[in-house]
Novice: 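Submitted below is the structure of interest, expressed as structure tokens.
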Amino acid sequence: MNLPSNSRAPRALAVAGLVAATLSVSACSRADASSTPAAGAKTEAAPPSVKLVSARTVKAAPREEVTGTLFPAQMLQVGFEVGGRLAAVKVGKGTVVKKGDVLGQLDVEIVDAQVAQAEAAVAAAQAGADMAADVAARNQTLQKEGGVSDLQNRSTAAQAAQAQAQWLAAKAQLSQARAARRRHDLKAPFEGTLIDAPEQTGATVGPGTPLFNLERLDTLLLKTTVAESLRARLKPGQKVRVESIAGGAFTEDAVVRTILPSADPATRRVPVELSVPNADGRFVAHTLARAVLQLGDDQDARVVPGSALSSANGDHVLIVGSGGEVKRVDVQVLERREREVVVLARSEFESVIDHPTPSLSQGSRVTVK
């Protein structure tokens, strides 16, 4: 169908406008694409800025920190060797006792009677032995004079020997009775502090029942372990710094007492015992303590703030090279102080990055504040 001539003109104008608009959008897109690199060049991120702190040089020796438990030099649960009724408790908890002090007593009514009976038996046996000895001596004299026969002489001599044996047996029974009496008084086997004791009397106790807990606290033993590679660097008598983890007490006079030649089967570490002086009671037994073992001679070390030390993938610090690049320096921590650490490093440095962020790595570009 043919359109009227008056409708063809508007249609042609619309088509022309659409083509013009398409060309304009395409031109704008090409312009934006061509301008993108230039805009990116203007917004390139600047290198992060870091703060450097100075490191100072000190003399220090390689050290190893280990932890362990402080045990009393001696500790024992003490009980009576014989059974009976607990009649008296002579000392209470917390009392410092000397060796030989009486801790408690059992009722002695029965054992005292047994001692008296044994003493009477000894007296009777001694009298019988003396009489038999006199008869034997008289018959020996009469036998020489022909007054008695040889058989009578030997018979009286045998009776005298038998009476002597009975006297010795009675003396042995008396000694046994007196020993049982002494065991009714429980005495401290060593000087120490009484940690536990019965609070009342009257109970019947059996032989060997633990009643008192005695600990010697003037010297403590720190029991810990070290790696097998460090065993050869420790020597008995070597001084060690020991400090309480919770209490804050410390001493520089602890010494290595024992280095066992057999490793712990579970941890494969070598057990070590340290003798810790505690005459003033600064340390508390059965608590945790830290020991600083010196493993060599003094050498140059660096003191840096604790905030500059990073421990990810090993202890290290970050420094800034001459070209503004970050460098990692591995270190060995010798001592941790309140706000500083003493470290050994293979490379020398004068300053380190303080508070390094996780984004900083080897080769990163930075600027110094």
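The shown structure was predicted, so the numbers you read here are calculated from the model rather than taken from an experiment.
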Novice: Please round to the nearest 0.5 Å and tell me the distance separating atom CZ of Phe212 and atom CG of Asp196.
Specialist: 9.0 Å

Novice: How long is the span from the CG atom in Asp218 to the CG atom in Asn278, to the nearest 0.5 Å?
Specialist: 8.0 Å

Novice: Which residue in the set Arg337, Gln332, Lys59 passes side chain to side chain contact (heavy atoms under 4.5 Å, CB included) when paired with Val342?
Specialist: Arg337

Novice: Any link between Val242 and Leu221 through a network of hydrophobic side chains (Ile, Leu, Val, Met, Phe, Trp, Tyr) touching at under 4.5 Å?
Specialist: no

Novice: Should the heavy atoms of other residues, nucleotides or ligands under 6.0 Å from CD of Gln362 be counted, would the total exceed 12?
Specialist: yes

Novice: Tell me which donor-acceptor pairs under 3.5 Å the side chains of residues 67-92 have, and how far apart each pair is, sequence neighbours excluded?
Specialist:
residue : atom : partner : partner atom : Å
Glu81   : OE1  : Arg183  : NE           : 3.1
Arg85   : NH2  : Asp107  : OD1          : 2.8

Novice: Distance from Leu334 atom CG to Glu64 atom CD, nearest 0.5 Å?
Specialist: 10.5 Å

Novice: Roughly how far, to the nearest 0.5 Å, is the CD1 atom of Ile110 from the CG atom of Asp112?
Specialist: 10.5 Å

Novice: Can you see whether Phe250 has Arg241 sitting over its ring - NZ or CZ less than 6.0 Å from the centre and within 45° of the normal?
Specialist: yes

Novice: Which residue pairs satisfy the salt bridge (Lys or Arg N to Asp or Glu O under 4.0 Å) criterion with at least one member in residues 223-236, sequence neighbours excluded?
Specialist: none

Novice: Assess the side chains of Ser307 and Asp354: does a donor N or O sit below 3.5 Å from an acceptor N or O?
Specialist: yes

Novice: Mind checking side chain to side chain contact (heavy atoms under 4.5 Å, CB included) for Gln299 and listing every partner two or more places apart, or none if nothing turns up?
Specialist: Pro62, Leu344

Novice: Quick check for you: to the nearest 0.5 Å, what is the distance between Glu243 atom CD and Phe283 atom CZ?
Specialist: 8.5 Å

Novice: Please find the pair of heavy atoms, one from Gln294 and one from Gln238, that lie closest to each other, and give the distance.
Specialist: O-NE2, 2.7 Å

Novice: Report the residues that fulfil side chain to side chain contact (heavy atoms under 4.5 Å, CB included) with Ala157, sequence neighbours left out, ordered by chain and then residue number.
Specialist: none

Novice: Roughly how far apart are Ile353 CD1 and Arg328 CZ, rounded to 0.5 Å?
Specialist: 13.0 Å

Novice: Asp315: which residues meet the side chain to side chain contact (heavy atoms under 4.5 Å, CB included) condition with it, sequence neighbours left out?
Specialist: Leu309, Ser311, Val331, Val333, Arg336

Novice: State plainly whether one hydrophobic cluster holds both Val272 and Val255, where clusters connect Ile, Leu, Val, Met, Phe, Trp and Tyr through side-chain heavy atoms under 4.5 angstrom apart.
Specialist: no

Novice: Ignoring hydrogens and angles, state whether a donor on the side chain of Thr225 or Arg269 is under 3.5 Å from an acceptor on the partner side chain.
Specialist: yes

Novice: So which pairs with a foot in residues 120-139 pass side-chain hydrogen bond (donor to acceptor under 3.5 Å, both in side chains), sequence neighbours left out?
Specialist: Asn139-Thr156

